[in-house]
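Heads up, the thing below is written out as structure tokens.
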Amino acid sequence: MKLVVVGFGQCGCRIADEFARLNGRARGQRGIEIITGVFAVNTDAADLSGLTRIKPDYQHRVLIGGRKTGGHGVGKINELGAEIAREDGDKVIDAIRTARRFFETDAFLLVAGAAGGTGSGAIPIMTQYIKERYADKPVYDLIVLPFEHEETTEERTIYNSATCLKSVSSIADATILIDNQRYVRKDFSLKNNLAKINAMIVEPFYDLLCAGEEKKAKYIGARMLDAGDIIQTLAGWTVIGYGKSLLPLIRLPFERTRNFRKKSTETHKGIEAMDEAMSELSLRCNPMDAGRALYLVAAPAKEMNMDLVKELGSYLRDIAPAAVIRNGDYPRERGMLDVTVILSELKDVQKVRDYYTESGIIIRDIKSKQDEMKGKLREIEEVSKDIPSLL
Ligand SMILES: Nc1nc2c(ncn2[C@@H]2O[C@H](COP(=O)(O)OP(=O)(O)OP(=O)(O)O)[C@@H](O)[C@H]2O)c(=O)[nH]1
Ligand SMILES: [Mg+2]
């Protein structure tokens, strides 16, 4: 599957940069392309120049809202991010048009952090613009949810996330949810942590996008997973997970024969990888709520067998009984068996519901504070009414 990836705001741009790196890896390791164009869109000029992989010209790093913000971002006001996207959206569309092999693109992937200003405000507007302009291609939005400490220290975080999620979910073909808090690893400093988190966020997309682009017979599985399967799977609220299990690189001579013991070891390794994928899902959710699901197993050709794929299928069926499940196998990896899982068309997502509830409270709070303020201003005007003004 080939994507055009567009990042908005600092978070979105950095993750888009990571997708550019992923494409470099696919090209270098596997000789295939999985991305036809990567673009970074921001109101902040300095953040745009901090990227490393996205081409540095103005058609790939698009500065919007220059007049309004002076190139310094919108300071977490996502209404302003949305307004700027409405004014400068054409710049983004013009940039996308320059993608070299645009005609091969299967879908758009737009990326932003929900809690900021630029990305959070611009992504719903741009999703709408791109959908209007390219009606035949699905548009998927990958939304990064804030860390816990951001939610507790700043009200705007919750409010921005709620407004962004509500807007995006009504327009995007699917919303892939990524919870920053799930990726926190205590042993990294924050900056390294963000880079590391971004790498972990894009990792599940590697095999998923590569599998359907393989041309050589030896890398094509018994059931190839292609763009059609992914497009049929992605709908509404979506989460993604990835897990791997190491295989012994060297087998002892007596292990070479295919016997039932080896088969059961492979199945065991497969379940281990899928277990990890399910426990590392990009956002905690209840798999019972999924209306659609997909899994992809990648392993060396000789480790792959239909029993393994079937076992994983019934394992997933137990966890997500209401889902239509699609699958694929990808004979590729060396010394490793990995499983990528998508749960989609989730009927309920607790975290999203919490944002909506809490921001309802915040909105009422702000309203009553504003009313109180207006009352006080009126009082002070009242007592000053007999004082002459110098103006
Ligand atoms: N995973 C990840 N999250 C990030 C990164 N950068 C920022 N965030 C998160 O994104 C949210 C803030 O959004 P930003 O992208 O910084 O904001 P922006 O869209 O640039 O908007 P303004 O700076 O307000 O104009 C916070 O929840 C951050 O934790 C990143 O590189 N990776
Ligand atoms: Mg910013």
If you measure from the Lys or Arg side-chain nitrogens to the Asp or Glu carboxylate oxygens, is any gap between Lys351 and Glu151 under 4.0 Å? yes

Side-chain ion pair, Arg332 and Glu214, N-O less than 4.0 Å: yes

Carboxylate-amine/guanidinium proximity below 4.0 Å for Arg61 and Asp57: no

Any link between Ile362 and Tyr356 through a network of hydrophobic side chains (Ile, Leu, Val, Met, Phe, Trp, Tyr) touching at under 4.5 Å? yes

Could you tell me whether the side chains of Asn198 and Tyr183 share a donor-acceptor contact shorter than 3.5 Å? no

Residue pair Asp179 / Ser282, side-chain donor-acceptor N/O under 3.5 Å: no

Verdict with reasoning, Gln350 to Tyr355, per side-chain hydrogen bond (donor to acceptor under 3.5 Å, both in side chains): CA-CA 9 Å; Gln350 181 71 39; Tyr355 282 131; over 6 Å; no

salt_bridge(Asp94, Arg97) N-O dist < 4.0 Å: yes

Do the side chains of Arg14 and Asp47 get close enough for a salt bridge, i.e. N-O under 4.0 angstrom? no

Residues Glu18, Arg21: salt bridge by 4.0 Å N-O rule: yes

Name the one of Ser169, Ser161, Cys164, Ser120 that satisfies side-chain contact (heavy atoms from CB on, under 4.5 Å) with Ile143? Cys164

Salt bridge present between Glu203 and Arg25 (N-O < 4.0 angstrom): yes

Is the CZ atom of Arg284 crowded by more than 12 outside heavy atoms at less than 6.0 Å? no

Test item: side-chain donor near acceptor, Thr127 and Asp141, under 3.5 Å: yes

For the residue pair Thr163 and Asn78, confirm or rule out a side-chain donor-acceptor distance under 3.5 Å. yes

Check whether any side-chain heavy atom of Lys55 sits under 4.5 Å from a side-chain heavy atom of Arg53, and report yes or no. no

Flag the pair Arg353 and Asp348 as a salt bridge only when some basic side-chain nitrogen lies within less than 4.0 angstrom of an acidic carboxylate oxygen. yes

Neighbour count >12 (heavy atoms, 6.0 Å) for atom CD, Glu148: no

Step by step, would you call Asp229 with Arg223 a salt bridge (charged side-chain N to carboxylate O under 4.0 Å, His left out)? CA-CA 11 Å; Asp229 295 299; Arg223 171 78 190 80; 2.8 Å; yes

Glu272 and Ser245: side chain donor to acceptor below 3.5 Å: yes

Whether over 12 other heavy atoms sit under 6.0 Å from Leu377 CG: yes

Quick one: closest heavy-atom pair of Ala174 and Thr238, and the distance? CB-OG1, 4.0 Å

Less than 4.0 angstrom from a charged side-chain N to a carboxylate O is my criterion; do Lys376 and Glu372 meet it? yes

Is any side-chain heavy atom of Val38 less than 4.5 Å from a side-chain heavy atom of Leu3? no

Would you call Arg156 and Glu79 a salt bridge, taking side-chain N to carboxylate O under 4.0 Å as the test? yes

Evaluation steps, side-chain hydrogen bond (donor to acceptor under 3.5 Å, both in side chains), between Thr36 and Thr105: CA-CA 6 Å; Thr36 50; Thr105 309; 2.8 Å; yes

Test Thr69 against Thr43 for side-chain hydrogen bond (donor to acceptor under 3.5 Å, both in side chains), laying out the working first. CA-CA 7 Å; Thr69 72; Thr43 53; 4.9 Å; no

Within 45° of the ring axis of Phe102 and under 6.0 Å from its six-membered ring centre, is that where the NZ or CZ of Lys2 lies? no

Given the rule that I, L, V, M, F, W and Y join up when any side-chain heavy atoms are under 4.5 Å apart, are Tyr159 and Leu145 in one cluster? no

Are Asp90 and Arg133 ion-paired here, with the side-chain N under 4.0 Å from a carboxylate O? no

Side-chain heavy atoms nearer than 4.5 Å, only ILVMFWY residues, links allowed to pass through others: does that put Leu177 and Ile171 together? no

Less than 4.5 Å apart, any side-chain heavy atom of Arg326 and any of Tyr295? no

Could you tell me if the side chain of Leu63 sits less than 4.5 Å from the side chain of Leu48, heavy atoms only? yes

Is there a side-chain contact between Leu337 and Leu308, using heavy atoms and a 4.5 Å cut-off? yes

Would Met224 and Leu312 show up in the same hydrophobic cluster when neighbours are defined by side-chain heavy atoms closer than 4.5 Å? no

Side-chain touch Tyr140/Ile231, heavy atoms, less than 4.5 angstrom: yes

Gln10-Asp44 side chain donor-acceptor pair, cut-off 3.5 Å: no

Between Lys68 and Glu83, is there a side-chain N and carboxylate O pair less than 4.0 Å apart? yes

Check the pair Asn327, Leu294 against side-chain contact (heavy atoms from CB on, under 4.5 Å), reporting the backbone distance first and the verdict last. CA-CA 5 Å; Asn327 70 64; Leu294 174 153; over 6 Å; no

Measure the shortest side-chain to side-chain distance between Ile240 and Ile176 over non-hydrogen atoms and say whether it is less than 4.5 angstrom. yes

Does Phe103 belong to the same Ile/Leu/Val/Met/Phe/Trp/Tyr cluster as Phe108, with side-chain heavy atoms less than 4.5 Å apart forming each link? no

Any chance CE of Met373 has more than 12 other-residue heavy atoms, nucleotides or ligands included, within less than 6.0 Å? no

Is a donor from one side chain sitting under 3.5 angstrom from an acceptor on the other, for Tyr242 and Glu276? no

Would you find more than 12 non-hydrogen atoms of other residues, nucleotides or ligands less than 6.0 Å from Lys347 atom NZ? yes

Do the numbers put Arg30 on top of the ring of Tyr219, so that NZ or CZ is under 6.0 Å from the six-membered ring centre and no more than 45° off the axis? no

